[in-house]
Amino acid sequence: MTTTTLPTSQLTDLVAGVRTAISQHADWNDTAQLVAEQLRRNLPTPDVLTPEQRLGSPDRYISHTLHVEPDGSFSIIALVWRPGQVTRIHDHVTWCAFGVIQGVEHEDLFDADLRIVGQSDNHVGDVSGFAPPGDIHRVHNTTDSTAISVHIYGTDVTAIGGSARRYYD
């Protein structure tokens, strides 16, 4: 995580909604879906980041911490992807919900043998949630413009250094 920003008014309802979703103490799959619904209802706009933050980095996709719940139960992170930037194939330490707020992000889903089992192009407003196991994927900005997404993870990713559990490539 490279930059920490203070919560903005755009995040107030989202944070409250995530708190409500996780207070149901559902299993990880259901929690991911409940949080995704809150993100869908309260998806921020790109100006949740400063103009400088929205530029990203020429070297790699970059993350900005928007909120960490004081008890460590969730984090809200914005990821900025310049054209061509891609993650390694990975899975996660916890459930996740994400929504695209600018551009398009291409996602490849893999099975345990690293065979592609699904692909999608996520556009502005697209929101999804998932949880381990079955969360092996790679994200790629395949367009010629910057993409930005908001991710909510079921842990304090700033304390553990990231959301990935394992890398496969």
Side-chain angles (χ1 to χ4, degrees), residues 1-8 10-46 48-49 53-54 56-57 60-81 85-103 105-110 118 120 122 125-141 147-168:
M1 307 297 141
T2 57
T3 304
T4 301
T5 61
L6 297 175
T8 69
Q10 286 196 61
L11 297 178
T12 303
D13 290 340
L14 177 57
V15 168
V18 174
R19 286 177 181 151
T20 298
I22 65 172
S23 74
Q24 295 186 33
H25 302 288
D27 66 31
W28 276 7
N29 284 317
D30 290 341
T31 297
Q33 298 314 309
L34 291 167
V35 171
E37 182 55 37
Q38 292 299 322
L39 182 57
R40 196 171 287 111
R41 289 181 188 159
N42 300 290
L43 192 62
T45 62
V48 72
L49 297 174
Q53 290 171 324
R54 291 191 300 264
S57 168
R60 60 179 176 79
Y61 69 94
I62 193 164
S63 62
H64 300 283
T65 303
L66 301 177
H67 176 83
V68 176
E69 189 67 357
D71 67 2
S73 59
F74 68 92
S75 307
I76 302 175
I77 310 295
L79 296 176
V80 181
W81 315 77
Q85 293 178 336
V86 62
T87 67
R88 295 167 58 194
I89 299 171
H90 64 282
D91 62 6
H92 296 87
V93 297
T94 187
W95 57 262
C96 175
F98 73 91
V100 178
I101 61 174
Q102 179 179 302
E105 293 178 6
H106 177 81
E107 182 179 28
D108 295 316
L109 302 170
F110 297 87
S120 62
N122 299 300
D126 288 347
V127 174
S128 186
F130 56 86
D135 62 323
I136 303 170
H137 73 156
R138 171 178 53 209
V139 181
H140 187 184
N141 181 354
I148 302 173
S149 53
V150 173
H151 297 239
I152 305 172
Y153 299 103
T155 189
D156 177 354
V157 295
T158 65
I160 63 172
S163 66
R165 180 172 58 141
R166 291 179 292 214
Y167 291 101
Y168 293 89

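Hydrogens, waters and symmetry mates play no part in the numbers below; they use all other heavy atoms, side chains included.
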Trainee: Using every non-hydrogen atom in the two residues, find where Arg54 and Leu49 come nearest and quote the distance to one decimal.
Mentor: NH1-O, 2.5 Å
Trainee: Considering only residues two or more places apart or on different chains, which pairs with a residue in residues 14-36 satisfy side chain to side chain donor-acceptor pair (under 3.5 Å)?
Mentor: Arg19-Glu69
Trainee: Looking at Ile22 and Phe74, what are the two nearest heavy atoms and their distance?
Mentor: CD1-CD2, 3.7 Å
Trainee: Minimum heavy-atom separation for His90 and Thr87, please, with both atom names.
Mentor: CE1-OG1, 3.5 Å
Trainee: When you measure from the side chain of Ser75 to the backbone N and O of Val157, does any donor-acceptor pair fall under 3.5 Å?
Mentor: yes
Trainee: What's the separation between atom SG in Cys96 and atom NE2 in His137, rounded to the nearest 0.5 Å?
Mentor: 7.0 Å
Trainee: Do any pairs count as a salt bridge (Lys or Arg N to Asp or Glu O under 4.0 Å) and have a residue in residues 34-46, sequence neighbours left out, and if so which ones?
Mentor: Glu37-Arg40, Glu37-Arg41
Trainee: If you measure from OG1 on Thr45 to CD on Gln10, what distance do you get to the nearest 0.5 Å?
Mentor: 3.5 Å
Trainee: Measure the spacing between CD1 of Ile101 and CG of Leu43 and express it to the nearest 0.5 Å.
Mentor: 6.5 Å
Trainee: Taking C-beta and beyond as the side chain, do Asp126 and Phe98 meet within less than 4.5 Å on heavy atoms?
Mentor: no
Trainee: When rounded to the nearest 0.5 angstrom, what is the spacing between CD1 in Ile62 and CG in Leu79?
Mentor: 10.0 Å
Trainee: Partners of Asp108 by side chain to side chain contact (heavy atoms under 4.5 Å, CB included), sequence neighbours excluded?
Mentor: His106, Phe110, Ile116, Gln119, Arg138
Trainee: My understanding is that only residues two or more places apart in sequence, or in another chain, count here; which of them pass side-chain hydrogen bond (donor to acceptor under 3.5 Å, both in side chains) with His151?
Mentor: Ser149, Tyr153
Trainee: Got Leu14 and Leu39 here, is their nearest side-chain heavy-atom distance under 4.5 Å?
Mentor: yes
Trainee: Identify the two heavy atoms, one from His64 and one from Val80, that lie closest to each other, and give their separation to 0.1 Å.
Mentor: CD2-CG2, 3.9 Å
Trainee: Do you know which two heavy atoms are closest between Ala26 and Leu34, and how far apart they sit?
Mentor: CB-CD1, 4.2 Å
Trainee: Could you check whether any side-chain N or O of Glu105 sits under 3.5 Å from a backbone N or O of Val100, counting only pairs where one atom can act as donor and the other as acceptor?
Mentor: no
Trainee: Between Val35 and Ala97, what is the shortest heavy-atom contact and its length?
Mentor: CG1-CB, 3.8 Å
Trainee: Can you name the residues that form a side-chain hydrogen bond (donor to acceptor under 3.5 Å, both in side chains) with Ser73, not counting sequence neighbours?
Mentor: Asp71
Trainee: Out of curiosity, Asn141 CG to Tyr61 OH, how far, rounded to the nearest 0.5 Å?
Mentor: 13.0 Å
Trainee: Indicate yes or no for a side-chain donor-acceptor contact from Gln102 to the backbone of Ile148 under 3.5 Å, with no hydrogens or angles considered.
Mentor: no
Trainee: Just jot down the side-chain hydrogen bond (donor to acceptor under 3.5 Å, both in side chains) partners of Gln38, sequence neighbours excluded, or say none.
Mentor: none
Trainee: CZ of Phe130 to CG of Asp91: how many Å apart, nearest 0.5 Å?
Mentor: 9.5 Å
